[in-house]
Amino acid sequence: MERTWWKESVIYQIYPRSFYDSNGDGNGDLAGATAKLDYLKDLGIDIIWLSPIFKSPNHDNGYDISDYRAIMDEFGTMEDFGRLLSEAHARGIKIMLDLVANHTSDEHPWFIESRKSRDNAYRDYYIWHDGKNGGPPNNWESFFGGPTWEYDDKTGQYYMHLFVKQQPDLNWENPDVRHEIYDMMKWWFDKGVDGFRMDTVNMYSKAPGFPDGEPIPGTPYGDKSPHMHNGPRIHEFLKEMNREVLSKYDIVTVGEAPETSVEDAILYTGFDQGELNMVFTFEHMWTDYQNATQWCDLKFDLVKLKNALSSWQTGLHEKGWNSLYWNNHDQPRVVSRFGDDGEYREVSAKMLAACLHMMQGTPYIYQGEELGMTNVAFSGIDDYDDVATVNAYREYTENRGVSHGDMMRYIHQTSRDNARTPMQWDNTENAGFTTGKPWLKVNPNYPVINAKAQVNDPDSVFGFYKKLIRLRKEHPVIVYGDYELLLPDHPAIFAYLRKLGGETLLTVCSFQKECVEFSVPDILPLEKAKLLLSNYDSPDITRTFTLQPYEARVYLFA
Ligand code: GLC
Ligand code: CA
C-alpha cells in the first residue's frame, strides 16, 4: 500500500463558535483558534478541520453559507484567517476547511437571483419543481423536520431543501454550478489551505424525477433515503471534481457519507478511483438508533458496534481508506454514549480512545474529546440552540405524542448540542472559554473537567491521547497493518489484532464496569509481549487475565 501523509495523520476538529473566544462577545472565533495552536501542537495533531467559517446567517451554525469567499462576521476577518493558516503552518499543522456544497444559504446571491423569476439566469442553480395535487412535488421529509420542499409565491414553484428551508439544495446537474464550486475550491487551495471535509457529499446527485419514498409509519412522509444518497451521477461528479481540482494539489479530502455501504465506500475512496481520500461512515453511529431515529433512549449494542466498524476495517483494507471517529459536532459525547461518564469517566474515555486509534484509518478527535468532555443536560428546551433539536422537540411533543419529559431525556442523550457546549479550558467562570456571555451555556462540570487540569498530567485523558498520537508515529503497524476482529460475539469485549510484517498488535478493550476475563490467542507468544499502552497501572500479562472496569490494553508482539 502506498504510504502517504494523510494516512499517517491525526485530525482535530475545531467547531470555531465553541472553541475559544478572543474578544469577549461570547462566540469563539478565528483569533481564538490561533491562540490555542500551541495546545494542539502539544497534543501532537497534524491537521485541523475547521467547521464552516464562511459568511452565514447561521440558521444551521454556518452550514448555510451566503458567501463562500468571505469570513463570518463573528469569527473575524480574512486577515484573521490568514494568520491562523500561517501560524498553523509554522507549527507544521495543516488546515482543512468545510466544503458545504450540497446547499447554500437562502441569502446567497445565487438564490436571491434564482427565486426572482423562472427565466432568471440563476434559476437552474437550484432545484425548482411544480407541485403535485396541490402539495409539494413528493413526500420526502427534510432532515430537520417538515417537507423537503418550500413553496415560493413569487414564481409559483417549490424549491428543494434536504435540510432547513433556509438551506436550498444546489442543482449539481447544472455544469455551471459545479464549475462555480470548483473555482471556489481552487481559490482556497491557492490561499494555501490543505484540504476539505465535504459536507453531505453523497447527496449531490438526486434520483431523476424525485420519486416518492416508501411511507414512514406514523408520519405523513415517505423515506427519501434511497433517492438522494449515492445518486446515479455522484461518481461522475466527484471524478470531475478530482480531475479539475483535487488532483492538482497535495491535499486531503474526506466526504461525509451517511447511508453508504462498504462497497460504495470503495468507489468513493478506492486508491484507483480518483475521487476522495476517505469518507465518514455512519453505521457505528446508528447502533443506538431506534426505527431509524436518534430520538430515543436505546442503549447501544456492542456486538453491532464491533461488526459495523470491523466490516469497514476489513472491507476497505488495501482498497480504500477509513476515517475513524467517535465524535463530531453532530454527535453526542462518546464517553457518555459508549462509556461511563460517572465513576469511570476517565478510564472509559481512555479505553474508547485506544479502541478507535489502534484501528486502520485516519483518526479524528473532536474538541474536548481529548479531555473526556461529557454530554450536558439542560433542564429546558430554551437552553438548546441546535435547529435539529429544537425542531424535533416541537415535532415530537406536538405531533408524535411524545411527552416533554421523555423528549428531554432523548435530547440529553442524543442532541447535537452535547458536542457544542463551549470547550472547557480551565476552572474559571465559563470554563475560561469567554469573558462574556457564552452563546451556548457551558457544561456545569467544567471545574472538574478542563484542559488546565490535564495538560501537565501524563495520566490524564489528555496525556493518554498524546501517547496514542505518538504511538501512531512510532509503529507503522498501527497505520498500515491488516485487521482481524477477535471474539465477534462477545457482549463486553472489543478485541482485535493488527499485523504488518512480523509484528502483531493486540488491542483489548472492556466496555463494562464488571470485571471480565480475556484469553490471549494461543498463536501469540506471551514472552514477546510488550505493553504499549494501558489505562490501569502496569498490568501483568498471563494467557488469561481479568480486565478491570473499562480496561484497555495494547500489546505489541514483535
Ligand atoms: C452535515 C453537517 C451538519 C449540518 C448538515 C447540513 O451533516 O455536519 O452539521 O447540519 O450537514 O449542512
Ligand atoms: Ca469572539
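In each ligand, atom 1 is the first atom listed, and ligand 1 is the first ligand listed. Below, all heavy atoms of this structure are taken into account, side chains as well, without hydrogens, waters or symmetry copies. Treat the numbers as computed from the prediction; the structure is a model and nothing was measured.
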With distance as the sole criterion, is a donor-acceptor pair present between the side chains of Q424 and N445 under 3.5 Å?
-> yes

Which atoms of ligand 1 sit under 4.0 Å from any heavy atom of R197?
-> 2 (C), 8 (O)

Is it true that H59 lies under 4.0 Å from ligand 1, counting heavy atoms only?
-> no

Is N418 reaching over with its side chain to a backbone N or O of H412, donor-acceptor style, under 3.5 angstrom?
-> yes

What atoms of ligand 1 come within less than 4.0 Å of a heavy atom belonging to R416?
-> 3 (C), 4 (C), 9 (O), 10 (O)

Which part of M198 is near ligand 1, with near meaning a heavy atom under 4.0 Å away: side chain, backbone, both or neither?
-> neither

Taking the Ca ion (ligand 2) as the apex, OD1 on D25 and OD2 on D29 give an angle, to 10°, of 180°

May I ask you to identify, for F280, whether its side chain, its backbone, both or neither come under 4.0 Å of ligand 1 on a heavy-atom basis?
-> neither

Please find out if the Ca ion (ligand 2) and some N, O or S atom of S22 are separated by less than 3.0 Å.
-> no

Donor + acceptor pair across side chains of T34, E87 (<3.5 Å) | no

Under 3.5 Å, side chain of R337 to main-chain N/O of M285, donor-acceptor pair present?
-> yes

Among V201, V164, D60, whose heavy atom sits nearest atom 10 (O) of ligand 1?
-> D60

What is the OD1(D21)-the Ca ion (ligand 2)-O(N27) angle, to the nearest 10 degrees?
-> 80°

Could you walk me through whether D383 and V376 pass the side chain to side chain contact (heavy atoms under 4.5 Å, CB included) check?
-> CA-CA 11 Å; D383 282 331; V376 73; over 6 Å; no

Could you list the atoms of ligand 1 found under 4.0 angstrom from a heavy atom of H103?
-> 6 (C), 12 (O)

Please identify which atoms of ligand 1 are closer than 4.0 Å to at least one heavy atom of H329.
-> 2 (C), 3 (C), 8 (O), 9 (O)

Atom indices of ligand 1 within 4.0 angstrom of E256 heavy atoms, with elements = 1 (C), 7 (O), 8 (O), 11 (O)

Does F144 reach ligand 1, in the sense of a heavy atom lying below 4.0 Å from it?
-> yes

Scan side-chain atoms only and decide if Y289 and T414 contain a donor-acceptor pair under the 3.5 Å cut-off.
-> no

Would a distance-only check, ignoring hydrogens and angles, find a side-chain to backbone donor-acceptor pair under 3.5 Å from N291 to T293?
-> no

Candidates F196, Y364, W49 - the one meeting side-chain contact (heavy atoms from CB on, under 4.5 Å) with V254 | Y364

